[in-house]
Each structure stands twice: as C-alpha cells, then as structure tokens.
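Small disclaimer: the values here were computed from a predicted structure and weren't measured. Indexing begins at 1, ligand by ligand and atom by atom, following the structure's order.
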Amino acid sequence: MANEIKTEIREHVGIITLNRPEKLNALNYALMTQVIEALERFDADTNVRCMLIAGSERAFAAGADINEMADASMVEMHHRNMFGRWDRIKKIRKPIVAAVSGYALGGGCELMMCCDIVIASETARIGQPEINLGIIPGAGGTQRLIRAVGKARAMDLILTGRMITADEALAMGLVSRVVPAEQWFEEALKLCQELCEKAPMALQAGKDAVNSAFETTLTEGIEVEKKLFYMLFATDDQTEGMRAFVEKRKPVFVGR
Ligand code: COA
C-alpha cells in the first residue's frame, strides 16, 4: 500500500498530514485506511495527548476518490462498504483538531466534521458537492451537517452542492475559528499544544460528554456529564489543578 499520509509526533501532538496533494488529497481507500489506523495508534499511545489532521495549503481534501467509484456497481459498493470503517473515528477518545486550508469537499467536509475542533484558513472552501455527481454524502455528511448547522442550512448545502467560504462556515458553526491564510497550520498546532497542557483525562471526558449530546436525550446526556464530572475527582490531575489554583501557580498535569 502506498504511503498516502505522513505522520509524526511533535511534543505530545500526533500529526497526520494527508499526502496526495496532486489529487487535492482525494480520499482513496488506502489513504482513509492509513488515517484511521494512525488515529487508533495515536489514541493508544500515552505519549500523545491530542491529534491534528491537516491537508495541504490547496486542499484539506476534495472528497472521496471519484476514480475509485466511477465504474462501481451498486452491489460492488455494497460489498466494499467503504464508509463502514469511518465509524472507528467515532471511537477515538483523544481530541482531534482539523487544520483546513483550501477545499474541504464531500468526504473532506465529512472528515472535517469527524474532528472535534476545526481551524479554518480564510481560504477554506467547504461543501458537500455529491449532488452534482448524482449521489449524496455517504460518510455521515447528511447526519453530522444537520446537527452542526440545522436543517435549513444542511438542506441548502446538500441539495445545491454549493461551496461556502470560511467566514460563512464560521457563522454557521461548522468551523471553530478562521485564521489568516499563512497561519492555518501554525494556529492549529498552537491550539493542539495548548490542549496538551490540559489534564488528558479531563480532555477526553469533555469530548465524551459533548459527543453524548449527539447520541442521547438531554436527560441522559446530563447523567453522562455528571458521572464523568465525578469520575474526574478520582484523578491526580484534579487534585493538582485545584491545588495549583489555591496556591496561585500553574498546574502540571501528568495524565493520571
Ligand atoms: N476524486 C478524485 N480526484 C480528484 C478529486 C476527487 N474527489 N478532486 C480532485 N481530484 C483530482 C483531479 O482529477 C485532478 O487530477 P488530474 O490532475 O490527474 O486531472 C487533480 O485532483 C486537481 O483537480 P482539478 O479538478 O484539476 O483542480 P481545480 O482547481 O480545477 O478544481 C475542485 C478543484 C475541487 C473544484 C475540483 O477538483 C472538484 O470539483 N473536485 C471534486 C469535488 C467533489 O465532487 N467531491 C466529492 C466527491 S464524492
């Protein structure tokens, strides 16, 4: 299998760079397999506290690889189950930050929505253009988009296939922050380094609690939150965090 991504660990940040720039990082089977396996490897590595997924300056990812699907029959697509593996991203417990510059289209937008915090360059162009190919999003796009931006906007994007700017995406709540073009990667990395200074168990609990809002009722979600909140009182990092506040110093979290 060709190397479709690059990975490295920089000061507790597990960095995954999509590496098919000449194809605008179109998400072929090998690339997505490597992304998912890298996320799982970083999730299991106690030296890694959060992950960063980046594309290139021109494209985060311009969607699923159309060449891989163009001639497929319905039965082949059924057996291939190309999006089945994406469910594994949902099981990643550490925070994932997306650094988005240029195109984030189709599967690229869906991958972006699987991440927890999205830093978008002012150059970002985001959309679900599948309708223009005679299909619809298949990696959770219809479901995640409506939860992120509401029905009216999700319908607009999915039925017209139009691309939106970073500022429009920010106004909709689809990305977390918009940054100047030349700083898209540095700002995302800086955010990851900031996350690495937090208590790792609290980061994971925060992610878990927020995500439970998507899966459960308000009452159940609040129960999940309460249990996670109390659970954190079993960690050394809670003791350290509160003691450091009282002693007027910066806490040093160790991940226990
Ligand atoms: N799948 C496969 N290849 C893709 C791709 C995709 N989703 N998106 C871009 N590419 C390839 C192009 O085929 C081209 O390859 P080539 O140089 O071998 O011909 C290369 O990436 C550059 O793309 P190109 O179309 O020449 O760039 P552009 O600047 O003119 O247009 C886009 C950029 C993003 C508007 C255009 O590439 C596009 O519409 N891509 C498809 C987006 C899409 O429908 N995604 C959903 C897929 S389900």
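- Under 4.0 Å is where a charged nitrogen must lie from a carboxylate oxygen, and between Glu240 and Arg249 at least one such pair does.
- Linking ILVMFWY side-chain heavy atoms closer than 4.5 Å, directly or via other members, places Leu157 and Met112 in a single hydrophobic cluster.
- Residue contacts with ligand 1: Glu68 is excluded, as none of its non-hydrogen atoms falls under 4.0 Å.
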Would you be so kind as to tabulate the donor-acceptor pairs closer than 3.5 Å made by side chains of residues 59-67, with sequence neighbours excluded?
residue	atom	partner	partner atom	Å
Asp65	OD1	Asn67	N	2.9
Asp65	OD1	Glu68	N	3.4
Asp65	OD2	Arg20	NH1	2.8
Asp65	OD2	Arg20	NH2	3.3

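- Ring geometry for Phe83 against Trp86 counts as perpendicular: the plane angle is over 60°, on a 0 to 90° scale with 30° as the lower cut.
- Within the 4.0 Å heavy-atom cutoff, Arg58 counts among the residues contacting ligand 1.
- Closer than 4.0 Å to atom 25 (O) of ligand 1 lies none of the heavy atoms of the protein.
- In this structure, atom 36 (C) of ligand 1 is not in close contact with the protein, since no protein heavy atom lies within 4.0 Å of it.
- For a threshold of 3.5 Å applied to N or O pairs, the pair formed by Glu130 and ligand 1 contains no separation below that value.
- The neighbour count for Met201 CE, taken as heavy atoms of other residues, nucleotides or ligands under 6.0 Å away, does not exceed 12.
- Only side-chain heavy atoms of Leu105 come within less than 4.0 Å of ligand 1; its backbone N, CA, C and O stay farther off.
- Put simply, the side chain of Arg49 does not reach to within 4.5 Å of the side chain of Leu195, judged on heavy atoms.
- Taking distance alone, with nitrogen or oxygen atoms compared against 3.5 Å, Met163 stays at or beyond that limit from ligand 1.
- Distance screen at 4.0 Å: atom 39 (O) of ligand 1 has no protein heavy-atom neighbour inside the cut-off.
- Shortest contact from atom 1 (N) of ligand 1 to any protein heavy atom: Ile66 N, 2.9 Å.
- Geometrically, ligand 1 and Ile135 share no nitrogen or oxygen pair separated by less than 3.5 Å.
- When heavy-atom distances to ligand 1 are checked against a 4.0 Å cut-off, Pro129 comes that close only through its side chain, counted from C-beta outward.
- In this structure, atom 48 (S) of ligand 1 has protein heavy atoms in its sub-4.0 angstrom surroundings.
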Please tabulate, for side-chain N and O atoms in residues 169-188, each donor-acceptor pair with protein atoms closer than 3.5 Å (sequence neighbours left out).
residue	atom	partner	partner atom	Å
Ser176	OG	Val118	N	2.8
Ser176	OG	Val118	O	3.4
Glu187	OE2	Lys190	NZ	3.1

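- In summary, the side chains of Thr123 and Ser121 do present a donor paired with an acceptor at a separation below 3.5 Å, with no hydrogens or angles considered.
- The closest protein non-hydrogen atom to atom 31 (O) of ligand 1 is Tyr103 OH, 4.4 Å.
- For atom 13 (O) of ligand 1, the nearest protein heavy atom is 4.0 Å or more away.
- Note on Asp208 versus Arg93: no salt bridge recorded, every NZ/NE/NH1/NH2 to OD/OE distance being 4.0 Å or above.
- Glu110 is listed as a side-chain neighbour of Pro137, based on a closest heavy-atom distance under 4.5 Å.
- The protein atom (non-hydrogen) at minimum distance from atom 42 (C) of ligand 1 is Ala62 O, 3.3 Å.
- Nearest to atom 5 (C) of ligand 1 among the protein's heavy atoms is Ala26 CB, 3.9 Å.
- Nearest protein heavy-atom neighbour of atom 23 (O) of ligand 1: Leu24 CD1, 3.6 Å.
- Residue Leu133 has at least one heavy-atom neighbour below 4.0 Å for each of these atoms of ligand 1: 44 (O), 47 (C), 48 (S).
- Remark: Arg85 qualifies as a cation-pi partner of Tyr29 under the 6.0 Å distance and 45° angle criteria applied to the six-membered ring.
- In this structure the side chain of Leu18 reaches within 4.5 angstrom of the side chain of Ile53, judged on heavy atoms.
- Atom 10 (N) of ligand 1 has Lys23 O, 3.8 Å as its closest protein atom, hydrogens excluded (heavy atom only).
- Of the protein's non-hydrogen atoms, the one nearest atom 20 (C) of ligand 1 is Glu22 O, 3.3 Å.
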